[in-house]
Enquirer: 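Shown below is the structure under consideration.
In what follows, every chain begins at residue 1, and chains take the letters A, B, ... in the order their sequences are listed. A quick note: this is a predicted structure, and the numbers were derived from the prediction, not measured.
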4 protein chains.
Amino acid sequence: MTEKQTSILKAALELFAQEGFKSTSTSKVAKRAGVSEGLIFRHFDNKDGLLQAIIQQGEERARLLFADIVLETDPKEVVRKTLEMGKKTSMVKEEADFWKLQFKIKWELEQYGAYKMEPLLNALINAFIKLGYDEPELEANFLTVFLDGLATRFYLDKTFDMDAVLNFAKAKYGV
Amino acid sequence: MTEKQTSILKAALELFAQEGFKSTSTSKVAKRAGVSEGLIFRHFDNKDGLLQAIIQQGEERARLLFADIVLETDPKEVVRKTLEMGKKTSMVKEEADFWKLQFKIKWELEQYGAYKMEPLLNALINAFIKLGYDEPELEANFLTVFLDGLATRFYLDKTFDMDAVLNFAKAKYGV
Amino acid sequence: MTEKQTSILKAALELFAQEGFKSTSTSKVAKRAGVSEGLIFRHFDNKDGLLQAIIQQGEERARLLFADIVLETDPKEVVRKTLEMGKKTSMVKEEADFWKLQFKIKWELEQYGAYKMEPLLNALINAFIKLGYDEPELEANFLTVFLDGLATRFYLDKTFDMDAVLNFAKAKYGV
Amino acid sequence: MTEKQTSILKAALELFAQEGFKSTSTSKVAKRAGVSEGLIFRHFDNKDGLLQAIIQQGEERARLLFADIVLETDPKEVVRKTLEMGKKTSMVKEEADFWKLQFKIKWELEQYGAYKMEPLLNALINAFIKLGYDEPELEANFLTVFLDGLATRFYLDKTFDMDAVLNFAKAKYGV
DNA sequence: AATGAATGAGTCTTCATTCAT
DNA sequence: GATGAATGAAGACTCATTCAT
């Protein structure tokens with residue numbers, strides 16, 4: 001990955017996250033990245049390839065993000081870390097852009113990519129089993145649905161008080 | 001609202017919901033609506049005006065949808081009806097398109113429009129007060145977040161079993 | 001066929017004939033036709049559609065051109081008119097462009113379109129039968145091959161003296 | 001001429017013959033030749049230089065091809081060999097490509113290069129003189145025109161039966 | 001109200017060519 | 001000699017919008 005490749009990816013990430021994939025022209029990406037437009041196509045074949053490259057990075061980041069949770073043995077910690085995932089991924093601007101884009105793309109492409117969540121889901125199921133919940137699987141699913149809602153609100157609703165709801169949720173689960 | 005105006009709005013709704021706002025050209029809308037392209041601009045000024053008209057319809061529909069819940073006096077019924085809102089709005093194809101579009105647009109425009117939810121939120125708060133919940137406001141917020149997650153999953157994750165999670169949630173709230 | 005459509009077709013014909021299909025940009029065509037570039041696509045779908053429109057015109061013109069020969073009853077006249085076809089089609093500039101383009105395209109697309117020649121070929125076979133030639137079919141084929149050579153030379157070889165060779169050929173066939 | 005130079009020329013020949021000069025990108029040539037794109041420009045300056053190199057090769061090959069005819073003393077053999085030139089040059093795939101390209105280029109560049117044919121033309125004139133033809137010069141010209149037609153048909157008309165017409169022509173000339 | 005021809009700016013993409021290594 | 005990253009201009013095509021009818 002050369003320096004210019006990185007700057008293209010960075011510029012694309014920012015713009016796609018801000019304006020959306022379709023609304024961002026390759027010429028804008030090139031301008032912000034400080035490279036010629038042609039270079040985008042040499043490295044990523046086409047605009048879609050650029051998006052795919054970003055999505056792939058997303059999968060890697062997701063794996064990294066999940067690793068910390070999946071490897072946790074204390075079930076309460078699993079639940080707590082899962083809930084706080086959203087906060088963790090929104091502190092740094094670049095990272096916030098990144099995850100926002102992942103959600104935006106989901107709606108623009110109408111692909112959820114449930115498989116990416118599977119490791120996390122399993123970790124949650126295990127945790128709920130250990131914690132003696134009656135229906136650990138449903139409980140885990142419920143929680144991931146809530147997380148999706150959390151992201152939606154966090155990224156779209158400027159008036160949303162994430163901390164309050166988050167603390168409330170943590171209390172609910174006793175974590 | 002003339003007949004042609006209606007058919008333009010209908011065509012736009014379908015296409016925007018399927019392909020997204022940016023990806024749908026006015027010419028496609030005109031073709032599907034069976035009218036000339038120029039007519040769209042005479043009636044809605046520009047492409048954005050067309051979107052605004054649809055969004056406005058959305059607000060009216062939302063009010064209608066919420067009315068049934070807001071007017072309910074039995075608190076359990078309020079919670080139950082709220083939870084089942086998603087199912088109710090996804091039975092008819094045209095309606096499913098409609099609500100899907102509302103979510104798509106939220107992400108494309110990055111406007112949540114929290115004010116639209118206020119009547120529902122208040123109804124929920126009241127219900128939770130009546131039901132004796134400790135923190136009715138947070139409880140209500142938590143529930144709306146969950147609902148947003150539910151919509152996300154329902155519209156994007158083909159493998160998602162909404163009924164299972166929904167029944168589980170209803171059991172949780174004892175409704 | 002509106003006025004602008006005609007002027008697009010005319011400009012395209014000239015340019016394709018002069019510079020070749022691939023080497024002529026749609027923007028050049030638009031400029032010469034005095035219309036916006038977009039209009040080309042509204043009327044002919046794509047650059048290829050523009051070419052097809054010209055080719056189709058070509059087929060019609062060819063039918064017209066052949067009609068005079070095919071309807072001729074005097075066999076000597078059939079042969080003579082066939083031989084002079086080349087001269088006839090090269091007097092007016094616009095027509096010369098047109099037929100030159102037909103040949104250019106053949107080489108660019110590698111399609112001969114033998115079926116277009118069939119009526120002429122049959123007329124020639126009949127003529128040679130009437131004239132008592134031993135192998136009328138081969139004789140007719142030989143003549144059409146010669147005609148193709150004539151066109152090649154006429155359009156490409158500036159030093160070529162068509163009249164001399166043509167008179168010689170006419171003498172050969174006694175017409 | 002280094003090995004890489006040769007492979008560039010070979011790749012260019014094949015591609016230009018198949019797709020045409022304008023339609024073949026230098027990057028395609030480089031890829032097929034298995035060299036970097038830059039190397040083409042180091043060796044041939046620009047895309048046009050590449051074409052010129054191929055054309056020049058064409059002249060050498062033409063000289064070689066004509067030599068056998070020009071040096072022939074038997075006039076009948078001269079005519080026969082001339083007629084069979086087309087067949088001879090189309091047996092080997094690489095050679096067929098080569099001559100096809102020469103014709104394609106003629107039409108793309110609109111340069112006939114009559115001077116290349118001169119030695120052959122003179123040989124034919126001489127032959128027709130020896131054979132006692134009335135107008136040897138015109139006869140020779142007529143024959144070369146026919147040859148151009150033969151090539152046109154052979155390369156473009158898939159349904160064309162070259163052997164039949166060729167044998168007929170040979171019979172005509174009694175060779 | 002309604003049409004559809006027409007526009008011009010913009011989109012993604014290709015391509016010949018250059019240049020540092 | 002050889003590579004391949006990088007460029008800038010140009011290519012085909014799309015699209016929101018206007019306007020005469």
Side-chain angles (χ1 to χ4, degrees), chain A residues 1-5 7-8 21-30 33-50, chain B residues 2-5 8 21-31 33-51, chain C residues 1-5 7-8 21-30 33-50, chain D residues 2-5 8 21-31 33-51:
Chain A
M1 183 82 80
T2 73
E3 194 194 336
K4 300 224 171 186
Q5 256 167 306
S7 77
I8 290 171
F21 174 66
K22 203 71 207 295
S23 296
T24 302
S25 69
T26 49
S27 94
K28 246 194 241 167
V29 174
V35 302
S36 70
E37 205 175 346
L39 196 60
I40 293 176
F41 294 89
R42 161 172 270 279
H43 285 310
F44 302 97
D45 284 354
N46 48 38
K47 197 187 171 187
D48 229 80
L50 185 54
Chain B
T2 73
E3 194 193 336
K4 299 222 169 186
Q5 258 168 304
I8 289 172
F21 174 67
K22 199 78 207 296
S23 296
T24 302
S25 67
T26 49
S27 96
K28 251 195 228 164
V29 174
K31 219 164 278 167
V35 301
S36 71
E37 208 176 342
L39 197 58
I40 293 177
F41 292 87
R42 162 166 281 278
H43 284 312
F44 302 96
D45 283 358
N46 50 36
K47 198 186 172 188
D48 235 78
L50 186 53
L51 182 60
Chain C
M1 184 79 83
T2 73
E3 194 194 334
K4 300 225 169 182
Q5 255 168 306
S7 76
I8 290 172
F21 174 66
K22 202 74 206 297
S23 296
T24 302
S25 69
T26 49
S27 94
K28 246 195 239 165
V29 173
V35 302
S36 71
E37 203 176 348
L39 196 60
I40 293 176
F41 294 90
R42 161 173 272 278
H43 284 310
F44 302 97
D45 284 355
N46 48 39
K47 197 185 171 188
D48 229 80
L50 186 53
Chain D
T2 73
E3 194 193 336
K4 300 223 168 184
Q5 258 168 305
I8 290 172
F21 173 66
K22 200 73 207 296
S23 295
T24 302
S25 67
T26 49
S27 97
K28 251 195 229 164
V29 174
K31 219 164 280 169
V35 303
S36 71
E37 207 175 344
L39 197 58
I40 293 176
F41 293 87
R42 161 165 280 278
H43 284 312
F44 303 96
D45 282 358
N46 50 35
K47 198 186 171 187
D48 235 78
L50 187 53
L51 181 60

Enquirer: Would you give the length of the straight line joining atom CZ of B:R42 to atom OG of B:S36, rounded to the nearest 0.5 angstrom?
Expert: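 It is 10.0 Å, given to the nearest 0.5 Å.
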
Enquirer: Using modelled atom types only, decide if a donor and an acceptor are shared between the side chain of C:K22 and the backbone of D:F21 within a distance under 3.5 Å.
Expert: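 Not a single qualifying donor-acceptor pair exists.
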
Enquirer: For chain D and DNA chain E, what are the first and last nucleotides along the strand, 5' to 3', with at least one atom under 4.0 angstrom from a heavy atom of the protein chain?
Expert: E:dC15 to E:dT18

Enquirer: Between OG of D:S25 and NZ of D:K31, what distance do you get to the nearest 0.5 Å?
Expert: 7.5 Å

Enquirer: Kindly give the heavy-atom pair with the smallest separation between B:L39 and B:K4, and that separation in Å.
Expert: CD2-CD, 3.8 Å

Enquirer: Going from CD1 on C:I40 to CG on C:L50, what distance comes out if it is rounded to the nearest 0.5 angstrom?
Expert: 6.0 Å

Enquirer: Judged by each residue's nearest nucleotide on DNA chain F, which is more toward the 5′ side, B:G38 or D:T2?
Expert: D:T2

Enquirer: Please classify the nucleic acid contact of C:S23 as base, sugar-phosphate, or nothing, using heavy-atom distances under 4.0 Å.
Expert: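 Nothing, no heavy atom under 4.0 Å.
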
Enquirer: For the CD1 atom of A:I8 and the OG1 atom of A:T2, what is their distance to the nearest 0.5 Å?
Expert: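 Rounded to the nearest 0.5 Å, the CD1-OG1 separation comes out at 7.0 Å.
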
Enquirer: Of the residues in residues 40-48 of chain C, which ones touch DNA chain E at a heavy-atom distance under 4.0 Å?
Expert: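 Heavy-atom contacts with DNA chain E come from C:R42, C:H43.
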
Enquirer: Relative to the 5' end of DNA chain E, which residue comes earlier, B:L39 or C:V35, by the nucleotide with the nearest heavy atom?
Expert: B:L39

Enquirer: Under a 3.5 Å cutoff, is there a donor and acceptor pairing between the side chains of B:E37 and B:T26?
Expert: yes

Enquirer: What's the spacing between D:L51 CG and D:N46 CG if we round to 0.5 Å?
Expert: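 Nearest 0.5 Å value for the CG-CG distance: 10.0 Å.
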
Enquirer: So what's the dot-bracket for DNA chain F: Watson-Crick or G-U pairs under 3.5 Å, [ ] if a pair crosses, | if it pairs off-strand?
Expert: .||||||||||||||||||||

Enquirer: Rounded to whole Å, how long is the line connecting atom CG of C:L50 with atom P of F:dA12?
Expert: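 Those two atoms, CG and P, are 11 Å apart.
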
Enquirer: Does F:dT3 have OP1 or OP2 sitting under 4.0 Å from an N or O in the side chain of D:K4?
Expert: yes

Enquirer: Name the residue closer to the 5' end of DNA chain E, choosing between B:E37 and C:S36 according to the nucleotide with the nearest heavy atom.
Expert: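 Looking at DNA chain E, the more 5' nearest nucleotide goes with B:E37.
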
Enquirer: Base, sugar-phosphate, or nothing for B:T26, non-hydrogen atoms under 4.0 angstrom?
Expert: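 Here B:T26 touches the bases of the nucleic acid.
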
